[in-house]
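Inspection log for the structure reproduced underneath, given as structure tokens.
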Amino acid sequence: MSLEFRFAVASDLHIALPHTIWDNPYRFHLVEVSIPALELIFEHLAQLDLDFLLLPGDLTQHGERENHAWLQQRLAQLPFPVYVVPGNHDVPVLKADEKAIGWADFPSYYQKFGYNDPKQLYYTCEILPNVRLIGLNSNNFNEKGEQIGRLDDTQLEWLKEVLATAKEDVILVMIHHNVVEHLPGQSQNKMGRRYILENAPQLLEILRPKVQLVFTGHLHVQDIAYDRGIYDITTGSLVSYPHPYRILHFRADELGRKWLQVETHKIDSLPDWPNLPHFSREWMGDRSLQFMLRLLTESPLNLPLETARELAPSLRYFWADIAAGDAIFDYPNFPPKVRRYFQNFSATGSDRTPAMIDNYATLLL
């Protein structure tokens, strides 16, 4: 099999028309730049010979009808196919209200972008000869009406049938929630577990051995994680530092060898934000104190609040550096236990040497 194609990934667009924006003092992402940032990358991508674009969720800020309508109209103007899945921000309520669309309404907005069945929140299609895409819905609601990240049994059975009958040599999966841990102890940490699919182990077992590439969002970080044959490539938010998007080049030769070349691009400036990365990094730093206090005082560190307040200022840019990917952390003035904890977030291998693949890498599949 000889195969080659090129595509892009942009995640967590959080599209917000100006009149739909409202301020939250703890919001890390800069939704004010959502539309100009999107237009800038569309201009870039239109110059490339792309086969398709993937948008793994959080297309809108809070599921507003106006924002969904604007985006689907804009996507229809692009010179290449686009495929989407919903994020938690896109379907924040089970039933539509005065502000947001309902959970089941999402496919009707995106019938040109993967959803051939407006009554189903997941889909599959052959997007290129010998290449299949599976778009999954990871947004659900529990018996209390609370939004959760989980694939229901009906969708899992559907997925098993799709994989059992799929003949393509390359099967790509797109889903909003992470399916492999991107942070140390993510699935066990109170703050981290909401970004990972509740039944991720079950999904991974279904995907093996036919699927090797899963594209996710939600976490707003640049990271590539691996678990027993499956890469989870998560892409940071276009409206959050460092404002990244990815361009990927897949190749397969006649001997069955497969490669995926990953490169990251970032938005450096916009008309009203000439130094966007600096502005958004400081924006994140200014709003990070409460986040860092929680990280320090909750499990597994469980530090006293007084100690946490002493350490937190040194962590002003910690999450920004996590979001950028390929970071190395060391805080030699921290207590040994705390220092080791933050060292574990570094982009290193099991031998503690740098292993920087989050932004630029060639993955042998």
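Values below: every heavy atom of this structure, side chains too, minus hydrogens, waters and symmetry copies.
Considering all non-hydrogen atoms of both residues, Ile267 and Leu238 come closest at CD1-CD1, 3.8 Å. Across all their heavy atoms, Ser237 and Pro244 have their closest contact at O-CD, 3.2 Å.
Between Asp321 and Arg281 there is a salt bridge, since at least one side-chain N of the basic residue sits less than 4.0 Å from a carboxylate O of the acidic one. In this structure, Arg27 pairs ionically with Glu32, as a charged nitrogen and a carboxylate oxygen lie closer than 4.0 Å. Here Arg193 does not pair with Glu198 in a salt bridge; the nearest charged N to carboxylate O distance is not below 4.0 Å. With salt bridges taken as basic N to acidic carboxylate O contacts below 4.0 Å, one links Arg208 and Asp227. Classification of Glu205 and Arg228 as a salt-bridged pair holds, one side-chain N sitting under 4.0 Å from a carboxylate O. Ion pair Arg316/Asp286 flagged as a salt bridge, since at least one NZ, NE, NH1 or NH2 atom sits closer than 4.0 Å to an Asp/Glu carboxylate oxygen. Under the 4.0 Å criterion applied to side-chain N and carboxylate O atoms, Glu282 and Arg287 are not assigned as salt-bridge partners. Using a cutoff of 4.0 Å between basic side-chain nitrogens and carboxylate oxygens, Asp330 and Arg339 are scored as salt-bridged.
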What side-chain donor-acceptor pairs closer than 3.5 Å can you find for residues 156-164, not counting sequence neighbours?
from: Glu157; atom 1: OE2; to: Lys160; atom 2: NZ; distance (Å): 3.2

Assess whether side-chain contact (heavy atoms from CB on, under 4.5 Å) is satisfied between His68 and Tyr110, documenting all intermediate values.
CA-CA 9 Å; His68 280 298; Tyr110 299 98; 2.7 Å; yes
Checking Asp12 against His218 for the side chain to side chain donor-acceptor pair (under 3.5 Å) test, could you report, in this order, the C-alpha distance in whole Å, the side-chain angles of both residues, the deciding distance, and whether it holds?
CA-CA 7 Å; Asp12 296 77; His218 196 29; 5.1 Å; no
Verdict with supporting geometry, Gln111 and Asn116, side chain to side chain donor-acceptor pair (under 3.5 Å):
CA-CA 6 Å; Gln111 294 184 60; Asn116 49 19; over 6 Å; no
Checking Ser187 against Glu181 for the side chain to side chain donor-acceptor pair (under 3.5 Å) test, could you report, in this order, the C-alpha distance in whole Å, the side-chain angles of both residues, the deciding distance, and whether it holds?
CA-CA 7 Å; Ser187 60; Glu181 287 189 341; 2.5 Å; yes
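No donor-acceptor pair under 3.5 Å is formed between the side chain of His220 and the backbone N or O of Gly236.
For the side chain to side chain donor-acceptor pair (under 3.5 Å) test, residues two or more places apart in sequence or in another chain that qualify with Thr124 are Arg132.
A donor atom on one side chain and an acceptor atom on the other are not found under 3.5 Å apart for Asp223 and Thr234.
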